[in-house]
Amino acid sequence: MYFGKEKEQNSDRTPPNQRVTTGWPVLHVGNVPYYEKDLSNWDLRIGGLVDRPTVFSFQELLTLPEASKRNDIHCVTGWSKFDNEWEGIATRTIAEHVGIRKEAKFVMVEAEEGWTTNLPLEDFLAETSLLAYKHNGEVLTPEHGYPFRLVIPHLYFWKSAKWIRAIKFRSENQQGFWERNGYHMYGDPWKEQRFAWD
């Protein structure tokens, strides 16, 4: 695994027991989906507790207002990467489009091969949260989530699911893939909420 050149730690920006890197390690479970630039069969389904369940094609998502965010990311395995530039669609834009019902309190994100992650609605709708298709000016590579990945930078990066295919709004919290396998339900890097017992 390549981490790239490590930078000097910055205590104001680096959570406990993290090391700063200029690389971008590739971590995932299962296979990397390669679409060969043909996204005709790709879609993103938004459903659950919404007024207008919607199925977006790739091109339809690109017609929504674009958002740009700059942030640091922190992986549960111990690396942090500063100053990431993302381009995509704000999660708030998606929420406005489908109309979230008042009983919705949580979100379940589904990705390729049955991979899932959960998070509270307020974190999904944070000002810094988005569905990204570009990183540092370049379209995401397949290894990093092409065509779209979720970016929730204030939580450990496993919450920023790659290869997303569905977003479901729910009234109750439910464990995702890593949460069922011992990871923390929330995942705050500053509190080192790595595992269920933290």
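Note: hydrogens, waters and symmetry copies are ignored here, and every other heavy atom, side chains too, is used.
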With side-chain contact (heavy atoms from CB on, under 4.5 Å) as the criterion, how do D72 and V20 come out once you've worked through the C-alpha distance, each side chain's angles and the decisive distance to 0.1 Å? CA-CA 10 Å; D72 301 337; V20 179; over 6 Å; no
Examine Y186 and M108 and state if one hydrophobic cluster contains both, with Ile, Leu, Val, Met, Phe, Trp and Tyr joined whenever side-chain heavy atoms are less than 4.5 Å apart. no
Test: E66 and K134 ion pair at under 4.0 Å: no
Run through E87, K69, R92, R149 and flag the one making a side chain to side chain contact (heavy atoms under 4.5 Å, CB included) with L130. K69
Checking side-chain contact (heavy atoms from CB on, under 4.5 Å) for the pair F177/T117: CA distance, chi angles, key distance, verdict? CA-CA 6 Å; F177 174 86; T117 193; over 6 Å; no
Aromatic ring pairing W79/F157, orientation class (parallel under 30°, perpendicular over 60°, tilted between): perpendicular
In this structure, CD of E138 is separated from CD of E85 (nearest 0.5 Å) by 13.0 Å
Is it true that a side-chain atom of N118 and a backbone atom of N173 form a donor plus acceptor pair closer than 3.5 Å? no
Considering the options L44, I167, V98, which one meets the side chain to side chain contact (heavy atoms under 4.5 Å, CB included) requirement together with T54? V98
Please answer whether the main-chain N or O of H144 pairs with a side-chain N or O of K162 as donor and acceptor at a distance below 3.5 Å. no
Dump the intermediate steps for salt bridge (charged side-chain N to carboxylate O under 4.0 Å, His left out) on E103 and R170, then the final yes or no. CA-CA 8 Å; E103 58 265 36; R170 305 170 51 87; over 6 Å; no
Report yes or no: does T91 contribute a side-chain atom to a donor-acceptor pair with the main-chain N or O of F124 at less than 3.5 Å? yes
Between Y156 and D188, a side-chain donor and acceptor under 3.5 Å: no
Could you walk me through whether F56 and D43 pass side-chain contact (heavy atoms from CB on, under 4.5 Å), step by step? CA-CA 5 Å; F56 288 102; D43 57 33; over 6 Å; no
For the pair L121 and F106, evaluate side-chain contact (heavy atoms from CB on, under 4.5 Å) and give the outcome as yes or no after the intermediate values. CA-CA 5 Å; L121 179 62; F106 299 94; 5.9 Å; no
May I ask you to decide if G78's main-chain N or O and S80's side chain share a donor-acceptor pair within less than 3.5 Å? no
Check this for me: does any side-chain nitrogen of one of R101 and D51 sit under 4.0 Å from a carboxylate oxygen of the other? yes
Any heavy-atom pair between the side chains of W86 and T128 that's under 4.5 Å? no
Anything under 30° is parallel, anything over 60° is perpendicular, the rest tilted; go ahead and classify H74 against W190. perpendicular
Counting neighbours of NZ on K168 that are heavy atoms of other residues, nucleotides or ligands and sit closer than 6.0 Å, is the number greater than 12? no
Kindly assign one of parallel, tilted or perpendicular to the pair F148 and W42, based on the angle between their ring planes and the thresholds 30° and 60°. parallel
Report yes if some heavy atom in the side chain of D83 is under 4.5 Å from a heavy atom in the side chain of R13; otherwise report no. yes
For the residue pair N136 / N84, report whether a side-chain donor-acceptor contact shorter than 3.5 Å exists. no
I'd like to know if the side chain of Q18 reaches the main chain of C75, judged simply by a donor and an acceptor atom lying under 3.5 Å from each other, with no hydrogens or angles considered. yes
Between Y146 and Y133, is the ring centre distance below 6.0 Å? no
In terms of hydrophobic clusters joined by side-chain contacts under 4.5 Å, are F169 and V55 together? no
Is R194 paired with E192 through a side-chain N to carboxylate O contact shorter than 4.0 Å? yes
Look at E110 together with R165 and state whether they make a salt bridge at an N to O cut-off of under 4.0 Å. no
Tell me whether W178 contacts the main-chain N or O of M185 through its side chain, where contact means a donor paired with an acceptor under 3.5 Å. no
Between CG of L155 and OG of S129, what distance do you get to the nearest 0.5 Å? 7.5 Å
